[in-house]
Every structure is written in structure tokens, then in C-alpha cells.
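First comes the structure, then the notes that go with it.
Computed from a prediction, not measured in an experiment: that's the story for all the values here. Proteins get letters first, then strands, A, B, ... in listed order; numbering begins at 1 in each.
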Amino acid sequence: MRNSEIAQIFQDIADILEIKGENPFRVRAYHKIVRILETLPEEIEKVCQRGELRNIPGVGEGLAKKIEELLATGKLAYYEDLKKQVPSGLVELLAIPEIGPKTVSLLYKELGINNVRELEKAVKEHRLKDLPGMGPKTEENIRRGIELLKKKQGRMLLGRAYPLAQSIIERLGGLPEVDRISLAGSLRRMRETIGDIDILVASRKPRRVMQVFTELPGVTEILSIGETKSSIIMEENLQVDVRVVEPDSFGAALQYFTGSKPHNIKLREIANKRGLKINEYGVFEIKSGEKISGQTEEEVYATLDLSYIPPELREERGEIEAAQEGKLPHLVELRDIQGDLHVHSRWSDGSDSIRELAEAAGKRGYRYMAVCDHSQSLKVAGGLSVDERWKQIEEIRKINKELKNFRVLAGAEVDIHSDGSLDYEDELLKELDIVIAAIHSGFKQNREIMTGRVVRAMENRFVHIIAHPTGRLLHEREPYQVDVETLVREARRTGTFLELNAFPERLDLNDIHCRQAKEAGVMVALGTDAHHQGQMEMMPYGVATARRGWLEKKDILNTLSLKDLLKRLKG
DNA sequence: GCCGTTTTCGGCCCGACTGTTTTCAGTCG
């Protein structure tokens with residue numbers, strides 16, 4: 001059984017236990033194991049085989065036994081039993097905003113409602129408002145909640161949400177009433193997808209800020225408007241929350257609203273042990289109630305003897321322990337990136353000439369850029385025949401003679417055939433400065449074949465990089481069945497680099513994989529996969545994902561100078 | 001359900017907001 005399947009079962013258990021009104025801390029224990037499983041860099045089965053389940057913080061005797069049972073039999077008696085007690089449709093009701101476990105339980109007991117369809121019907125017939133603890137407003141809120149759930153088709157891509165948030169910040173930040181303003185929430189942590197945009201403002205005149213905010217162009221609905229918090233819906237059904245605090249609390253509030261929740265919980269536990277309390281207003285001594293810090297985030301962390309933890313790391317994946325020991329990574333920054341290692345020109349399916357691309361890259365401060373147009377098999381993307389490729393190499397050589405302080409690397413994104421062979425012969429590959437191998441066909445192969453296919457490509461000594469190694473397209477296509485653990489190991493063995501494709505739909509490798517690569521000593525190659533010059537702007541999303549994967553400058557191939565890069569590519 | 005240089009039992013992060021109440025429960029982040 002795979003980690004994601006086991007995680008799904010524990011998630012289900014957590015939901016059922018909540019509806020049953022079980023001890024919330026038991027529920028929390030299940031939520032925690034779900035998160036652990038979703039981000040574990042190896043299969044839990046291997047951990048189990050090594051007898052190390054109990055070494056995972058959050059896994060005690062009970063969960064260890066349940067995991068063992070699932071791995072051994074594919075089933076869990078406890079879960080099967082729970083499912084009999086609670087109709088399956090109740091869990092889906094939890095997804096509706098405004099509805100939590102208590103309401104689900106009430107609806108079921110009083111009205112026999114056990115799925116969304118029945119709830120909609122009951123709302124229409126106004127059967128909810130007379131239930132104990134409910135009234136017409138709650139009924140209306142639930143109606144809107146169902147509507148919202150239907151409209152909101154999941155989370156928005158980082159690459160879409162980020163510019164939107166920036167434009168809001170620019171508008172609000174320009175107000176004289178705004179002292180400070182910042183992104184918060186998962187967007188500040190640069191998660192690959194986000195549920196809503198959180199913005200934090202420091203101001204002594206919240207009313208004015210809220211007025212401007214709720215009247216922004218593009219606002220389609222105002223969900224709530226208050227002194228400290230307002231929520232709106234913008235076009236594309238994106239929810240935006242703004243919170244306003246006093247300037248003195250800005251740091252504590254920013255820390256608090258940036259999350260993640262598990263990160264904050266852990267931080268507060270540490271604070272408690274020291275007789276301190278953290279909330280969004282500051283760090284307080286519990287006994288005296290005296291405020292110790294809160295103006296800046298740095299202060300908040302320093303009060304707990306922690307070095308400052310960058311937002312991208314705040315996922316409770318060991319960053320707090322690292323901060324305690326002063327062993328946080330020195331994360332890579334955008335300005336460390338010396339060039340883009342994956343762009344397409346109009347020779348294949350891009351829309352700009354190599355010269356235009358080079359000029360744009362130079363303007364970004366880059367020293368080099370790898371033009372990696374598709375290879376001959378990929379006809380839909382205008383893949384280059386062998387002849388065309390030779391001509392392109394010639395053109396690039398010519399362009400390089402004209403350029404100063406900038407180098408266009410002659411590259412190719414070469415298809416890996418179904419059997420692992422490559423789309424060009426070695427005698428052509430060896431003429432290229434940089435060769436990226438990629439899968440664009442046969443997505444349905446099983447795990448073993450797919451993994452072996454990529455490994456075979458790695459074994460070709462002219463292949464430098466594996467492009468978008470899992471092939472996922474967020475919201476569109478699942479990753480193909482490839483064993484990343486093996487890829488990382490084989491990359492190390494063969495001296496191959498793995499790409500972190502910065503395109504927002506891809507972000508592939510993802511953060512967890514990046515960390516795996518780092519730990520195995522495999523360098524990551526950052527490329528935007530730009531198909532026109534504007535798309536080179538996607539690089540920050542790649543850098544952010546690298547940071548989420550704990551990567552430092554030394555872990556990334558294209559932080560090297562041109563000279564060092566060329567040396568690495570040869571060796 | 002987990003966990004322990006204050007504990008193997010009794011704790012487990014913290015507050016805002018809303019709508020329903022007349023002091024609080026439920027939900028959310």
C-alpha cells in the first residue's frame with residue numbers, strides 16, 4: 001500500500017471520529033499522521049520493514065499497529081468497523097464551509113440528512129432553521145456554503161494567485177493609513193497551490209483600509225466586513241481575507257497568520273514549556289501577563305531562542321529543531337540564479353527567436369540560458385529533425401559570437417522513447433552543450449517500466465538533466481508512475497541532475513523531492529520551460545519551491561558561473 | 001492517539017467571529 005492510500009484512510013478515520021464527537025486530540029493525532037504520510041520522502045513500508053515506525057514523532061503504539069495491519073493485509077478492521085457506524089455521505093458534508101462535525105451530527109440525527117443533495121433539499125424547504133441552536137441566518141449561511149463549495153473548484157495555482165495578491169498589496173499599500181502590509185498564509189509560504197489569499201495590514205485606521213479593500217475592482221462578493229477582518233470573493237472565485245492589526249503586533253500577527261498550523265502549534269508548545277504564551281498580539285509571560293515581544297517576526301522567534309525561520313520552511317518538517325540547533329539551511333535566493341536552463345525558441349514550439357530570448361535573459365541579469373527545443377519525435381511541438389538541429393547549433397554559435405557577457409547554450413529537450421532509448425543519436429547529443437531528457441509519451445507505463453526507462457536515459461553519458469521528472473500537471477494530470485527514490489539514487493550514481501521545472505503547472509520536482517535530492521547529494525537544475533520570453537518570469541516560483549525543499553545555493557546547478565557550469569556539464 | 005530533566009496519567013495552541021443565546025457553542029485559521 002502506498003503512503004497516499006494509507007493517508008486517505010486515516011483522513012477518513014479523523015473525519016468520522018470528529019463527527020462521532022470523539023476526543024479532539026485523538027482526531028488531531030490522525031490529522032498529524034495524514035500530514036506525515038503525505039510528505040514522507042520514502043514509502044512507509046520501508047520504514048516499517050526497518051522496524052522504525054515508532055521513531056516517527058507522532059506515531060505511537062496505536063498508529064504503528066494500524067499501519068502494520070494496513071501494510072500486511074491491505075485492510076484495517078478498526079476502519080471497517082467505523083465505516084459501519086457512520087454513513088459515508090456525512091464526511092462529504094464536512095467540506096462545506098460553515099459546517100463542522102457538530103452540525104453534521106445534528107443534521108443526521110434530527111433530519112436524517114446524510115449527503116449534500118439531501119442537505120440542499122432541506123435548505124430549500126427551510127427545515128434547518130427550527131433545529132436547536134439554528135436560525136434563519138445559519139440556514140442562509142449553509143445555503144451559501146453549499147454554493148461556495150460548488151463554485152470553488154479546488155485550490156488556485158501559486159503562479160496565478162501570487163500576481164493577483166501583489167496587485168492587491170500594491171493598491172492597499174499605497175494608502176496613507178497603511179503602516180505595513182504583507183502577504184500571509186500559504187501564499188507567503190509559497191505552497192504550489194493556495195486555498196485563499198491572506199493579507200495582513202498594520203494600521204490604526206482599519207475602517208478606511210477595509211472600505212478600500214471591499215471596493216477593489218474585481219470584487220464579486222463581500223463575505224464579511226469587520227474592524228479587524230474582512231473577506232471578499234474576487235473573479236475566478238478566489239477568496240481574499242484581509243486582517244488589520246495594531247503596528248505593535250505586526251510581527252506576532254504575521255508569524256501567526258503565516259502558519260502553517262502545525263508549525264504554530266509546535267511553537268506554542270515550546271512557549272508553554274517556558275511559561276510563555278504566543279498569540280497574534282505578541283509573546284507574553286503567562287504569570288505576569290507581560291508582553292515580551294511581537295513587533296517583528298524575528299523577535300518572536302528570538303524570544304524562543306530560535307533563529308529566524310523563513311516562511312517557506314514553516315511546515316513542521318524539522319525546521320523548528322533545526323532552528324534550535326542553529327542548523328537551518330541558508331536558502332537559495334533568486335539573485336543566486338545565473339541563468340535559465342530550460343527555454344524554448346520558435347525553432348520548435350516557442351514563440352520568440354533565440355536572439356529575443358537571449359536579450360530578455362540578459363535583462364534579467366542572467367549570464368547564460370539553455371535553449372532546449374524539442375526533439376524530432378515530438379511532432380506536435382515542432383520537434384527538430386537532425387538536420388534542423390545542426391542548423392540550430394550553427395545559429396547559436398553565430399549568436400554567441402555577437403553577444404558579450406552572455407552565452408546561449410545549445411541544448412535540446414530530447415524525448416525518452418518508451419524503451420528508454422533517446423530521440424537523437426549520441427553523435428548529435430555530444431555536440432550539444434546541454435542535454436535534457438524528458439518523457440512526453442507512454443504516460444501509462446507501470447512503475448517498474450517507467451522508472452527503468454528514465455534510468456536508462458540517465459545512463460547515457462551525454463544526458464545531463466532529466467526534465468520535469470514526475471510529469472505531473474497540477475489540476476490536469478497525475479504524475480506518471482515513477483519511483484522518485486530510485487531516480488534520485490540513480491541520478492547520484494550516474495552523475496545526472498534533476499530538473500526543478502518552474503512552470504506553475506509543473507513545479508516538478510516538488511518541494512519534498514527537492515529535499516530528497518539534496519539529501520542524496522544530487523544537484524537540481526532550475527528551468528522555467530518558457531515558451532516565450534515573458535515566461536522566464538516564472539523563475540521565482542521555482543526558487544520558492546527549491547527553498548521549500550531546503551535547497552541552498554550549492555544545491556542548484558545554475559547558481560554556478562558559466563565557467564563552472566560548463567566544467568560540471570563536461571565532467 | 002501521543003507523550004514525558006516538572007508527568008506513564010493527565011495534559012494536549014489560541015483567539016476571533018457569528019449566531020444563537022442571556023453565557024456559550026460551533027467553526028475557522
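Atom name P, nucleotides B:dC14 and B:dC9: the rounded distance is 25 Å, in whole Å. One P atom belongs to B:dC13, the other to B:dC3, and the distance between them is 14 Å to the nearest Å. With both ends at atom P, the span from B:dT27 to B:dT21 equals 15 Å, rounded to whole Å. Nucleotides B:dT8 and B:dG1 are separated by 15 Å at their C1' atoms, to the nearest Å. The same atom, P, is picked in B:dT20 and in B:dA25; the two are 16 Å apart, to the nearest Å. Taking atom C1' in both B:dC12 and B:dT7, one finds a spacing of 13 Å when rounded to whole Å.
With a cut-off of 3.5 Å on both Watson-Crick or G-U wobble distances, the partner of B:dT8 is given as none.
Note on A:Leu267: nothing from the nucleic acid sits closer than 4.0 angstrom, heavy atoms only. Across all strands shown, A:Pro132 has no heavy atoms under 4.0 Å from either base or sugar-phosphate atoms. A:Tyr30 comes within contact range of the sugar-phosphate backbone alone, with a heavy-atom separation under 4.0 Å but no base atom that close. Residue-level contact check: A:Val27 touches neither bases nor backbone, having no heavy atom under 4.0 Å from any strand. At a threshold of 4.0 angstrom between heavy atoms, the contacts of A:Pro57 are confined to the sugar-phosphate backbone, with no base atom among them. A:Asn141 comes within 4.0 angstrom of sugar-phosphate atoms only, judged by non-hydrogen atoms across all strands, and of no base. Heavy atoms of A:Lys66 sit under 4.0 angstrom from primed sugar atoms or phosphate atoms, though from no base atom. In this structure, A:Lys102 reaches the sugar-phosphate backbone alone: every heavy-atom distance under 4.0 Å involves primed, P, OP1 or OP2 atoms, never a base. Residue A:Leu131 is classed as having no contact, given no heavy-atom separation below 4.0 Å to the nucleic acid.
Residue pairs meeting the side-chain hydrogen bond (donor to acceptor under 3.5 Å, both in side chains) criterion with at least one member in residues 272-284 of chain A, sequence neighbours excluded: A:Arg274-A:Asp305. Annotation: salt bridge (charged side-chain N to carboxylate O under 4.0 Å, His left out) contacts involving residues 3-26 of chain A, sequence neighbours excluded, comprise A:Glu22-A:Arg26. The stretch residues 37-49 of chain A participates, sequence neighbours left out, in these salt bridge (charged side-chain N to carboxylate O under 4.0 Å, His left out) pairs: A:Arg2-A:Glu43, A:Glu42-A:Arg50, A:Lys46-A:Glu485. Residues in residues 59-111 of chain A take part in no ring pair (Phe, Tyr, Trp, His ring centres under 6.0 Å) pair, two or more places apart or across chains. Sorted by first and then second residue, the salt bridge (charged side-chain N to carboxylate O under 4.0 Å, His left out) pairs involving residues 80-94 of chain A (not counting sequence neighbours) are A:Glu80-A:Lys83.
Take A:Glu69 and apply the side chain to side chain donor-acceptor pair (under 3.5 Å) test, not counting sequence neighbours, and it matches no residue. Applying the side chain to side chain donor-acceptor pair (under 3.5 Å) test to A:Glu118 and every residue at least two apart in sequence or in another chain returns nothing. Residues passing the side chain to side chain donor-acceptor pair (under 3.5 Å) test with A:Ser186: none are found, sequence neighbours excluded. Annotation: side chain to side chain donor-acceptor pair (under 3.5 Å) contacts of A:Glu297 (sequence neighbours excluded): A:Arg188, A:Tyr308, A:Arg314.
Side chains of A:Leu131 and A:Leu107 form a contact here, defined as non-hydrogen atoms less than 4.5 Å apart. Looking at A:Glu285 and A:Ser288, their side chains come closer than 4.5 Å, going by heavy atoms from C-beta outward.
Within residues 271-282 of chain A, the residues approached by DNA chain B to less than 4.0 Å at the level of any non-hydrogen atom are A:Asn272, A:Lys277, A:Ile278, A:Asn279, A:Glu280, A:Tyr281, in residue-number order. Contacts between residues 4-22 of chain A and DNA chain B, defined by a heavy-atom separation below 4.0 Å, involve no residue at all.
Residues A:Glu139 and A:His126 have side chains that bring a donor and an acceptor to within less than 3.5 angstrom of each other.
Boundaries of the chain A contact region on DNA chain B are B:dG1 to B:dG29, first to last in 5' to 3' order (nucleotide atom under 4.0 Å from a heavy atom).
In this structure, A:Glu269 and A:Gly135 both approach DNA chain B, and ranking their closest nucleotides by distance from the 5' end singles out A:Glu269. Heavy-atom nearest nucleotides on DNA chain B were determined for A:Gly60 and for A:Thr228, and the one closer to the 5' end corresponds to A:Gly60.
In summary, of the residues considered (A:Leu158, A:Ile199, A:Asp198), a side chain to side chain contact (heavy atoms under 4.5 Å, CB included) with A:Leu187 occurs for A:Leu158 alone.
In this structure, B:dT7 shows a glycosidic angle within 90 degrees of zero, which is the syn conformation.
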